[in-house]
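Below is one structure, written out as structure tokens; the observations come after it.
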Amino acid sequence: MTERKRKVDLGGEGGGVVKRVEVEAGTTAGGESGGVNPLTHLAYSERYYDILKGRKGLPIWQARSELIRMLNEHQTTVLVGETGSGKTTQVAQFICDAGFCSGQMMIGCTQPRRVAAMSVAKRVSEEMDVNLGEQVGYTIRFEDVSGPNTVIKFLTDGMLLREAMTDPQLSRYSVIILDEAHERTLATDILFGLLKEILEKRKDLKLVVMSATLEAEKFQTYFIDAPLIKVPGRLFPVEIFYTQEPERDYLEAAIRTVLQIHQHEDPGDVLLFLTGEEEIEEACRRISREAYDMGETAGEAMVIPLYSSLPPAQQQRIFAKAPEPKGPGGKPGRKIIVSTNIAETSLTIDGIVYVVDPGFSKQKVYNPRVRVESLLVTPISRASAHQRSGRAGRTRPGKCFRLYTENSFQKDLQEQTYPEILRSNLGSVVLQLKKLGVEDLVHFDFMDPPAPETLMRALELLNYLGALDDEGELTQIGAVMSEFPLDPQLSKMLVASPQFKCSNEILTVTAMLSVPNCFVRPRDKAREADAAKEQFVHSDGDHMTLLNVFHAFKQWQATGEEKDMCYNNWLNYRSLKSAESVRDQLARICNRLNVNLVSTDFSDRYYYINIRKAIVSGYFMQVAHMEKSGKYQTVKDNELVMLHPSCVLGNKPEWVLYHEFVLTSRHYIRTCIDIEGDWLVDIAPHYFDLSNFPVCAARRSLERLYMKRSKGK
DNA sequence: GAGCACTGC
């Protein structure tokens with residue numbers, strides 16, 4: 001192997017010295033046997049005692065009494081526990097046992113992901129010997145499995161934020177636990193600032209911030225000297241190897257390293273981290289082929305791609321057993337999983353012994369100047385590298401091959417990944433904060449304050465949409481918009497749609513725009529997929545095409561053949577199912593807020609015109625104009641763009657409205673409709689006011705339009 | 001004439 005050996009004990013790397021906490025006698029939950037469950041008033045089952053034995057062996061168990069003492073003495077406590085410490089399942093139970101959920105008060109524990117909220121709730125209900133959905137429950141979008149007797153509730157961080165909009169003091173909670181705080185999701189970051197304000201007003205509220213990394217010290221400072229409890233994780237040691245020289249081509253190096261492991265290392269599964277689908281499929285093809293060419297000199301390689309857009313059944317393959325030896329006395333086979341970051345945070349795979357880490361991932365970046373979010377292949381952080389290597393030590397000692405130099409690891413990599421709030425368009429965040437009663441955004445206590453320009457862009461957008469007035473105060477329509485789990489442009493178009501007599505249709509379009517692309521188009525079956533899409537194409541543009549697809553889906557549903565029909569027509573069934581749930585949820589919110597659901601008669605010649613105008617009411621800031629050269633230029637920003645090849649508009653209209661600006665090999669506008677200049681002037685006169693408009697062909701076209709109008713008068 | 005890291009409401 002080309003790698004220089006360097007042994008680093010993972011437990012020591014970045015983890016610091018672990019503080020051992022003494023066990024206090026007599027604090028075990030429920031006693032040894034024959035106890036009565038205070039939550040159900042029933043005798044504990046045998047299973048309860050079985051599980052309890054295991055719980056007592058978790059590292060976090062040792063910190064039990066210390067945690068409760070800290071909670072009694074301080075409003076906020078920070079707890080660091082690495083993988084395997086047991087914090088996610090145990091901490092809420094400890095706090096409940098200590099009597100923090102008396103009366104109608106609950107403990108809320110947030111998770112960044114739905115699956116985690118569901119599975120942890122299920123586990124904890126078993127550990128506490130209660131029924132899921134009664135004393136222990138969970139709440140995620142589309143699903144509330146909790147009730148009047150619930151004392152511990154697991155919920156996504158986004159869900160708690162939504163709850164805060166109707167209950168600004170979070171008055172039903174006695175304790176809030178923010179788990180996985182090191183991930184710094186947008187929602188967690190907003191909750192930090194919000195909770196800091198709530199804690200001032202509610203001295204009875206307790207907060208526990210749980211993190212897997214030592215960034216915890218930053219949390220301590222932020223929450224003004226909150227005490228810190230450290231709990232060791234339970235990982236086997238992982239040997240770390242670095243390359244001696246930087247690798248010029250990380251994909252090549254990664255494939256080579258995996259093949260060398262396969263040929264020379266002891267049995268054990270391999271996990272390779274790459275950045276995206278295309279790269280992963282390419283690597284899988286090459287690894288399979290070359291491993292096969294090794295013949296008898298190596299065992300069988302079972303190469304499995306893993307990324308989020310794979311259907312769940314294919315994702316399940318990662319849990320398959322490694323192949324048996326090819327023959328008697330042959331080398332055992334191994335699983336080689338080639339994955340995106342999904343295996344770093346969301347999915348854990350047991351049995352991984354070797355991790356190959358080229359050191360890159362795709363990250364979202366936001367450019368406030370052009371108001372565009374895009375994905376860039378970026379070097380990962382040291383925290384991320386640490387997390388990746390840890391994936392090798394879950395079931396036995398492992399090895400991690402980092403395809404960069406140790407010097408680069410120390411000097412080039414950032415300590416932490418930039419939190420999402422610094423990399424995002426903040427339109428909906430600002431709208432939510434306003435609804436949550438945060439008056440002064442500039443002085444809101446962000447743990448990491450976003451760039452002023454990013455906040456300005458968000459305020460400007462919301463002002464143009466009419467959600468904020470010129471003083472930055474939430475308007476009536478802004479308050480309604482904030483109730484929808486949507487981007488401000490989408491919620492504006494939805495809220496405005498009854499005026500255009502098409503809210504039923506806009507509801508569908510909004511749902512379709514909120515879910516992953518429903519068109520399936522494998523590269524080797526592109527022609528067939530394109531032909532299938534043709535049946536749904538509407539000449540007014542992509543939004544109407546999406547409307548047609550959804551209508552077809554509903555018709556297929558009536559005869560129960562929707563799954564097959566999706567497959568036959570190259571449509572993503574999961575996408576359409578989820579558009580359906582989103583639509584139902586949005587319809588419920590519309591009903592609650594008296595947004596009337598109406599339609600124009602289908603035979604009316606204004607049926608589609610009304611829909612397109614409603615879209616303009618939310619997206620008038622995303623319009624491009626055709627120049628003399630035949631190219632499109634975005635309005636006001638004057639960026640030269642091309643219609644994305646997937647766009648159904650063939651006639652090259654003078655004005656197009658786009659849903660997305662994508663920065664890839666070229667500047668594309670994607671998901672477009674044909675619109676008229678007149679509508680822009682009618683629907684958004686404040687934005688198309690020429691006193692504040694750069695010189696360009698679009699301006700000249702608007703000038704002619706205004707001229708014609710004044711003559712007409 | 002082409003993508004689509006990952007989540008979440």
Q. How many Å lie between CZ on Arg162(A) and C1' on dG8(B), as a whole number?
A. 10 Å
Q: In whole angstrom, give the distance that lies between atom CG of Leu663(A) and atom C1' of dC4(B).
A: 15 Å
Q.
Of the listed nucleotides (dT7(B), dC4(B), dG1(B)), which one gets closest to any side-chain atom of Ser346(A)?
A. dT7(B)
(Q) Taking only side-chain N and O atoms of Arg670(A), does any of them lie within less than 4.0 angstrom of OP1 or OP2 on dC4(B)? (A) yes
Q. Quick one: are the ring centres of His659(A) and Tyr619(A) less than 6.0 Å apart?
A. yes
(Q) Between Arg114(A) and dC9(B), is there a contact of a side-chain N or O with OP1 or OP2 at under 4.0 Å? (A) yes
Q. Can you name the side-chain contact (heavy atoms from CB on, under 4.5 Å) partners of Thr378(A), sequence neighbours left out?
A. Gln363(A), Leu376(A)
Q.
The side chain of Val662(A) is closest to which nucleotide in this list: dC9(B), dC4(B), dG1(B)?
A. dC4(B)
**Q.** Met159(A) side chain, from C-beta outward: closest of dC6(B), dC9(B), dA2(B)
**A.** dC9(B)
Q. With a non-hydrogen cut-off below 4.0 angstrom, is Ile342(A) in contact with a base, only sugar-phosphate, or nothing?
A. sugar-phosphate
Q) Which is true for Phe484(A) with a 4.0 Å heavy-atom rule: it touches a base, it touches only sugar-phosphate, or it touches nothing? A) nothing
Q) Once you round it to whole Å, what is the distance between C1' of dT7(B) and CG of Leu161(A)? A) 14 Å
Q) In terms of side-chain heavy atoms of Ile140(A), which of dT7(B), dC9(B), dA2(B) is nearest? A) dC9(B)
Q. Can you tell which of dC9(B), dC4(B), dT7(B) lies closest to the side chain of Ser308(A)?
A. dT7(B)
**Q.** Separation of atom CG in Leu486(A) from atom P in dG8(B), rounded to whole Å
**A.** 16 Å
Q. Atom CG of Leu431(A) and atom C1' of dG8(B): how far apart are they, to the nearest Å?
A. 16 Å
Q) With a cut-off of under 6.0 Å to the ring centre and 45° to the axis, is Arg371(A) in cation-pi contact with Phe661(A)? A) no
Q. Heavy atoms under 4.0 Å, any strand shown: does Gln363(A) hit a base, just sugar-phosphate, or nothing?
A. nothing
Q: Look at the side-chain N and O atoms of Thr156(A) and state whether any lies under 4.0 Å from the OP1 or OP2 oxygen of dG8(B).
A: no
**Q.** Atom-pair distance (CG on Leu186(A); C1' on dC6(B)), nearest Å
**A.** 12 Å
**Q.** Rounded distance in Å - CG (Asp189(A)) to C1' (dG8(B))
**A.** 14 Å
Q) Quick one: do the Tyr138(A) and Asp144(A) side chains pair a donor with an acceptor below 3.5 Å? A) no
Q | Whole-Å gap separating C1' (dG1(B)) and NZ (Lys533(A)) | A | 12 Å
With a cut-off of 3.5 Å and sequence neighbours excluded, list every side-chain donor-acceptor pair involving residues 309-317 of chain A.
from: Gln315(A); atom 1: NE2; to: Tyr307(A); atom 2: O; distance (Å): 3.1
from: Gln315(A); atom 1: NE2; to: Ser308(A); atom 2: O; distance (Å): 3.2
from: Gln315(A); atom 1: NE2; to: Leu310(A); atom 2: O; distance (Å): 3.3

Q. Start at the 5' end of DNA chain B and walk down; is the nucleotide closest to Ser428(A) or to Glu660(A) reached first?
A. Glu660(A)
(Q) Does the structure place the NZ or CZ of Arg388(A) under 6.0 Å from the centre of the six-membered ring of Phe273(A), at an angle of no more than 45° from the ring's axis? (A) yes
**Q.** Sugar-phosphate, base or nothing in reach of Ser361(A), heavy atoms under 4.0 Å
**A.** nothing
Q: Kindly point out which of dA2(B), dG8(B), dC6(B) is positioned nearest to the side chain of Thr340(A)?
A: dC6(B)
